[in-house]
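For reference, the structure discussed in these notes is given below.
Note on naming: letters A, B, ... go to the chains in the order of the sequence lines (proteins, then strands), and numbering restarts at 1 for each one.
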Amino acid sequence: MSEHQQEQDPTTYDVTAVEEKWRPVWDRLQPFRADDDSPREKKYALTMFPYPSGDLHMGHAEVFALHDVVARYWWQRGFEVLNPMGFDSFGLPAENAAIRNDEHPATYTKANIAKSIESCQKYAASFDWTRTFNTSDPEYYRWTQWLFAKFYERGLAYRKNSPVNWCPQDQTVLANEQVVQGTCERCGAEVTKKELTQWYFKITDYAQELLDGLDELERTWPDRVVTAQRNWIGRSEGAHVDFAIQGREEPVTVYTTRPDTIFGTTFMVVAVDAALAEELVTDAQRPAFEAYREEVRKASEIERLATDRPKTGVDLGVTATNPVTGEQIPVWATDYVLADYGTGAVMGVPGGDQRDWEFATAMGLPIVRTTEVPEGFEGEAYAGEGPAINSPAPGVASALTLNGLSVADAKRAAIDFLEEMKVGRGAVNFRLRDWLLSRQRYWGAPIPVVHCPVDGEVLVPEDQLPVLLPELRGADLKPQGTSPLAAATEWVNTSCPTCGGPATRDGDTMDTFVDSSWYMFRYCSPHETDRVFDSAKVNAWMPTNLYVGGVEHAVLHLLYGRFFTKVLNDMGLVDFREPWSAQLNQGFVINQGKKMSKSLGNGVNLGEQLDAFGVDAVRLTLVFAGPPEDDIDWANMSPEGSLKFLQRAWRLSGDVTSEPGLSFDTGDVALRRVTARTVHDAAELVESYRFNVVVARVMELVNATRRAIDSGCGPADPAVREAVEAVAVLLSLVAPYVAEEMWERLGNNPDHDRTVARAGWPAVDPALLVEDTVTCVVQVKGKVKARLEVAPDVTEDALREAALADPDVQRAIGDATVRTVIVRAPKLVNVVV
RNA sequence: GCCCCCGUGUCCCAACCGGCAGAGGAAGGCGCCUUAAAAGCGCUGUGGUGCGGGUUCGAAUCCCGCCGGGGGCACCA
């Protein structure tokens, strides 16, 4: 068959030929380049930039397809759309590959980025490639370093020594957010604790604001992200209470959420790994304490987290004074108290806290209930509602009495009393910890600090940025527990920017989450060479109108990016405090009910799917599969079916016999109504992210048009052209190639100088949305007995009358008495007998 | 253990504020077209919406209690 004949085949189009035909056209037209100076209203459609770990996979295909629906929709609606794409290209996989292959991580990174860009373009994602960048590019990471310096100057970056999460596999420390169930988020190895001096960002300064901001985001962000962030920030309210310690000047302050239970405090417990425990222990108890601490340190994080293991501890040999009773209580060290939460010390109230109950039971300490337990209560500690008792206990003298008060009232009274006596005060605590940002690995942005024996920590001056990575490759990069940078002697040894004397560079690199905390700003002015970004442009484009990405970043990237934005606002660089106004999380593409994995052998190769069904059919399948947030089981999907539908839609464009540009006014009204309704509803559906329903509606329109052509108004009717043009524009959101092909076949783009993607949203005549009759359902006792065609503005009385007059309704009522008639004009009447 | 989301036909999924349970697709069945098959075109849906209660004229939708699935937090005082 000649090529000419193939083009003339009336039933199917050649998927590959169509893809090859339009790509160069789009390359030439560049229809998705965002113009900063456009007079149109701006929309910023952002999707999480990928780590270039290889070629694109099904997961990328899904996000990009969903995201593209909105970006392309906004273009069609006449907005100027910023839809950028770049690469989060620092990180471990490149480094590990470089060690394996004895090369530089940049080699692997560059190759993967080139491959990914090529695939994105074939996939026809509407990204503006003039704005792309990679975070591992010195032109980018110099500004990552600059931001670090600014944070440092504001007191938001600091170094401290403390026990940190350590991944023995990756040989680096991890942020709290990167430890999942005691294991490394990246490699799954069991995380251990290590005492190290590390860099932190003071995200806790913003804890309250990060929490408050969620109230607003709740309306436009997915619930699960908002709740995950709320839980992670973990605000709690309670009190700080000072306990005097025998033979010690300073009291020990504890944090409690239940100051009302203070009369039940029968001991105090201090975190065994806190400095406080070390300070408090008596000489007599020191050997026992040190032995216990040694034992605790050997335990893994997973063991430590197990809530069902028995409570252990050691008596520190000192006593504390209960500030409300004057009673002497023992002070113990234990591993069930966390050193880095609250004050690292807790008042032990076994009657009201299950952990304290278990500890008291194990150690033979007394238990006093301070809340009356309900009838029939069979548990141990009781933390519920009830009147206070034993507060104080009979025979105990105290200036404070809480007996009989509810939990809330007792809390308030206890705090008032503590404040008055100056032995405590109301307090708020957050679960959120500061963000540990140093990493002992190579492929990241070096921390721009020099350590000088004279001047201490000195920032590398702005004009000396970027601090470039030394050229290391292969075995030089092997993780050894200290950064490979520290071993690059020539690089490490430098002079102090302040005094000029010999000094050393900080050998750690930054967490790659630092890179991705500000990339959305950079897209607004990606080519700036003398500043981090152009604030005016950032303020013009941001906050982003949409952010599409995976829910796995709920407490990582999505929290860090919010933090950065608040700091940038405080610095006066941006005029908003939240970076992403709306957010959409897509589900996973799974196969046969399970996550795709090499070990299961259930992986679906994107390239093979694209070869077999074409870009459009794969995109359509992903968009049509279901709500975007739901997982897609590829085994249940039918890309064949998608392609069949696209062929069917395409066929319509060949059947249209009218000329382009004609007026639709005289067209078949029934079909015109379907078109108008579809176009109108599609807009609302896209805006509420119900893309699968949009596709279903387009399928209906295609079916209706098919019927109109074959057995209705015929192919020459203007309404048919109107419908098919609408199909092409609507399909351009999901299946850009076939939409373009249809548009051309309709005679609309003979010179290939304009793409259907920018054709504009079809105009809808509002008159066509108004129905002249509505079907009214008449129920008798809730069962449908008749249907009436009525005017949409029919009055209640007229409708009631018409319904009761209907013979079928009369028959259904029979000789029963009509008790009430519920009328919901114009759609429903319910006769109650 | 606490918190959040979900459960509709064989499968994937629709159904605005409570108002006709079924839009769309897949699979299956039947027919037309064809010498035949594929493609195409058309026709084809008894599941009382996981279970049990409740509210209501009316419940997939709201409330309560279960069951099942997914997610978040978890020795955070």
Below the 4.0 Å mark, does [N] have OP1 or OP2 next to a side-chain nitrogen or oxygen of [X]?
X	N	value
A:Arg697	B:A14	no
A:Arg707	B:C41	no
A:Asn692	B:A14	yes
A:Asn703	B:A23	no
A:Arg230	B:C73	no

So, does the side chain of [X] form a donor-acceptor pair with the base of [N] at under 3.5 Å?
X	N	value
A:Lys311	B:C75	yes
A:Asn636	B:C12	no
A:Arg824	B:G19	yes

Decide whether a cation-pi geometry holds between A:Lys311 and A:Phe359; the criteria are a distance under 6.0 Å from NZ or CZ to the six-membered ring centre and an angle within 45° of the ring axis.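 Verdict for A:Phe359: no cation-pi partner in A:Lys311.
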Watson-Crick or G-U counterpart of B:G1, or none if no pair lies under 3.5 Å: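 Pairing partner: B:C73.
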Does the structure show a Watson-Crick or G-U wobble partner for B:G42, both distances under 3.5 Å? Name it, or say none.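 Its partner is B:C30.
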Pick base, sugar-phosphate or nothing for [X], based on heavy-atom distances below 4.0 Å to the nucleic acid.
X	result
A:Met637	sugar-phosphate
A:Ser642	nothing
A:Gln779	base
A:Arg648	sugar-phosphate
A:Val337	base
A:Thr257	sugar-phosphate

Pair A:Ile262, A:Met347 - check side-chain contact (heavy atoms from CB on, under 4.5 Å), show working. CA-CA 8 Å; A:Ile262 189 160; A:Met347 58 187 218; 4.1 Å; yes
Taking only Lys NZ, Arg NE, NH1 and NH2, and the carboxylate oxygens of Asp or Glu, determine whether A:Asp616 and A:Arg619 approach each other closer than 4.0 Å.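 Answer for the salt bridge query: no.
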Pair A:Arg293 + A:Glu295: basic N to acidic O under 4.0 Å: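 A:Glu295 and A:Arg293: not salt-bridged.
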Closest to the A:Ala696 side chain, choosing from B:A14, B:G24, B:C57: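 Of the options given, the side chain of A:Ala696 lies nearest B:G24.
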Toward the 5' end of RNA chain B, by each residue's nearest nucleotide, A:Gln647 or A:Asp223: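 Looking at RNA chain B, the more 5' nearest nucleotide goes with A:Asp223.
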Need to verify one output field. Residue with the more 5' nearest nucleotide on RNA chain B, A:Leu685 or A:Gln229?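 Its nucleotide being nearer the 5' end, the pick is A:Leu685.
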Please work out whether the ring planes of A:Tyr560 and A:Trp435 are parallel, tilted or perpendicular, with thresholds of 30° and 60°.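 Answer is parallel, since the angle falls under 30°.
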